[in-house]
Amino acid sequence: PPLPPPSWAPPRGGALWRGASRSRPHPTRTLTELGMDSLRAVELLSHLDQDPTLAHLDLVHLLTQRLGELLDTLRSPPSDRTLATWRQDAKLDEDILPKRHEPSTGDSVLLTGATGFLGSHVAIELLERTDATVQCLVRGYDAKARLLQVLREHPGWQESWRGRIEVLVGDLDQTDLGLTPARLDEVASTLGAIYHCAAMVNWVYPYAALRQANVEGTRTLIRLACKASASLTYVSTLAACWSFGHDVMVDETSDPTQHMDGIHLEYVRSKAVAESLVRQAGSRGLRVAILRPGLIFSHAGTGAHRPGDFL
């Protein structure tokens, strides 16, 4: 049977804590260890907002203490070792060069992030505006069925496009995207363009946990684009321009890695490093574009959105 809620749980929010620890909160224990997850956090915040008497809970004290510790960490300048890691990761390998100067004539495109909100709209645009075969990198079991389910939710979807969609079962978080060398060669042989919309988006993970997917995954895609002489469009984030403590004007050509010590979110740091890799590939002759969208929530024309997204 499920565990009863701890004595410090909200009176009307005991259901949030079924399966959680029986013990009272302690500053050295994480909320995850106490049974908290993202959905329970939203519910708990709702209870705290509705009932002012909950302001005296031990839990609130714990939350504010942990938040204070987090803010202190964010205010602390990165160590020399950390800065050295970022600088090293931001260097594009010398052997990553376009194989030929003329653009690829490949008739397929590779899209990452097609099951996401932005990526699914990019997939529809590619299917609608081009005749290209759209190869989508999708992770996990039953990848094509999940992809088609997402695309069919789009109001512009046409069932006749199904034959132009190919699924590459892989993962940015794995070496070489989780694909064999032979499979990568096969993809490169027909590749004309790459649209890299995917990322591991997490506001609390450390850089080390995001590095493989967001930095090394981008490096692999750059290498693939160079091999095929395909163009590469990289979707970054507007947050890459937010570096505290630096009174400078930024534009589309600005390199955020020049002010990494002022970027406090590890996710944004990983995107800034990836941007640098793409920019270096462009300087070597690869056709690249870097896009920095802001908050993406719903379609401007239809209002379509992901009900599960947290705004």
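Keep in mind it's a predicted model, so treat the numbers as computed, not measured.
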Nearest heavy-atom contact between Ser270 and Val215 is O-CG2, 3.6 Å
Would you confirm whether Thr112, through its side chain, and Cys197, through its main-chain N or O, come within 3.5 Å as a donor-acceptor pair?
-> yes
What's the verdict on side chain to side chain contact (heavy atoms under 4.5 Å, CB included) for Leu148 and Lys144, showing C-alpha distance, side-chain angles and the deciding distance?
-> CA-CA 6 Å; Leu148 289 175; Lys144 187 161 188 177; 4.1 Å; yes
Hey, does Glu186 have a side-chain heavy atom less than 4.5 Å from the side chain of Leu179?
-> no
Do you know the tightest heavy-atom contact between Ala188 and Leu224?
-> CB-CD1, 3.8 Å
SG of Cys136 to CG of Leu111, rounded to nearest 0.5 Å, is 5.0 Å
So with a 6.0 Å cut-off around CD of Glu128, is the heavy-atom count from everything else above 12?
-> yes
Say whether Ile263 and Trp203 are linked into one hydrophobic cluster, either directly or through other cluster members, by side-chain heavy-atom distances under 4.5 angstrom.
-> yes
Taking every heavy atom of Val268 against every heavy atom of Ala239, the minimum-distance pair comes out as CG1-O, 3.4 Å
Tested for side-chain contact (heavy atoms from CB on, under 4.5 Å) against Arg146, the lone hit among Val138, Val167, Leu151 is Val138
d(Thr218 OG1, Leu92 CG) to nearest 0.5 Å is 11.0 Å
Listed partners of Tyr205 passing ring-ring contact (aromatic ring centres under 6.0 Å, His included), at least two apart | none
Go through the steps to decide whether Thr133 and Thr190 satisfy the test side chain to side chain contact (heavy atoms under 4.5 Å, CB included), and finish with yes or no.
-> CA-CA 9 Å; Thr133 297; Thr190 63; over 6 Å; no
When every non-hydrogen atom of Arg287 is compared with those of Ala230, the smallest separation belongs to NH2-C, 3.8 Å
Between OG1 on residue Thr237 and CG on residue Leu295, distance to nearest 0.5 Å = 9.5 Å
State the CG-CG distance between Leu277 and Asp93, to the nearest 0.5 angstrom.
-> 8.0 Å
Taking the side chain from Ser120 and the backbone from Phe117, do they hold a donor-acceptor pair closer than 3.5 Å?
-> yes
Under 6.0 Å from the CZ atom of Arg139, do we count more than 12 heavy atoms belonging to anything else shown?
-> no
Give me the one residue out of Met200, Arg211, Glu216 that meets side-chain contact (heavy atoms from CB on, under 4.5 Å) with Asp173.
-> Met200
Might you point out which heavy atoms bring Lys271 and Val235 nearest each other, and give the distance in Å?
-> NZ-O, 2.9 Å
Shared hydrophobic cluster, Leu118 / Val109 (ILVMFWY, side-chain heavy atoms < 4.5 Å) | yes
In terms of hydrophobic clustering (I, L, V, M, F, W, Y; side-chain heavy atoms under 4.5 Å; direct or indirect links), are Leu291 and Ile222 co-clustered?
-> no
Has the side chain of Glu275 got a donor or acceptor atom that lies under 3.5 Å from a matching backbone atom of Thr257?
-> no
Stepwise side chain to side chain contact (heavy atoms under 4.5 Å, CB included) check, Tyr234 with Val288 = CA-CA 8 Å; Tyr234 175 69; Val288 303; over 6 Å; no
So how far is it from Gln135 CD to Leu126 CG, rounded to the nearest 0.5 Å?
-> 12.0 Å
Between Val169 and Gly140, what is the shortest heavy-atom contact and its length?
-> CG1-O, 3.9 Å
Residue pair Gln280 / Ser276, side-chain donor-acceptor N/O under 3.5 Å = yes
Between Asp95 and Arg223, is the closest basic N to carboxylate O distance under 4.0 Å?
-> yes
Taking it one step at a time, do Leu221 and Leu172 satisfy side chain to side chain contact (heavy atoms under 4.5 Å, CB included)?
-> CA-CA 9 Å; Leu221 288 169; Leu172 288 173; 4.2 Å; yes
Can any side-chain N or O of Arg219 pair as donor or acceptor with the backbone N or O of Asp89 at less than 3.5 Å?
-> yes
Can you tell me if CD on Glu159 sees more than 12 non-hydrogen neighbours from other groups inside 6.0 Å?
-> yes
Spacing of CG belonging to Asn214 relative to CZ belonging to Arg269, to within rounding of 0.5 Å | 14.0 Å
Side chain of Lys227, backbone of Ile96: donor and acceptor closer than 3.5 Å?
-> no
Should Leu168 and Leu110 count as side-chain neighbours, where that means a heavy-atom distance under 4.5 Å?
-> yes
Heavy-atom donor-acceptor pair, Thr220 side chain to Leu177 backbone, under 3.5 Å = no
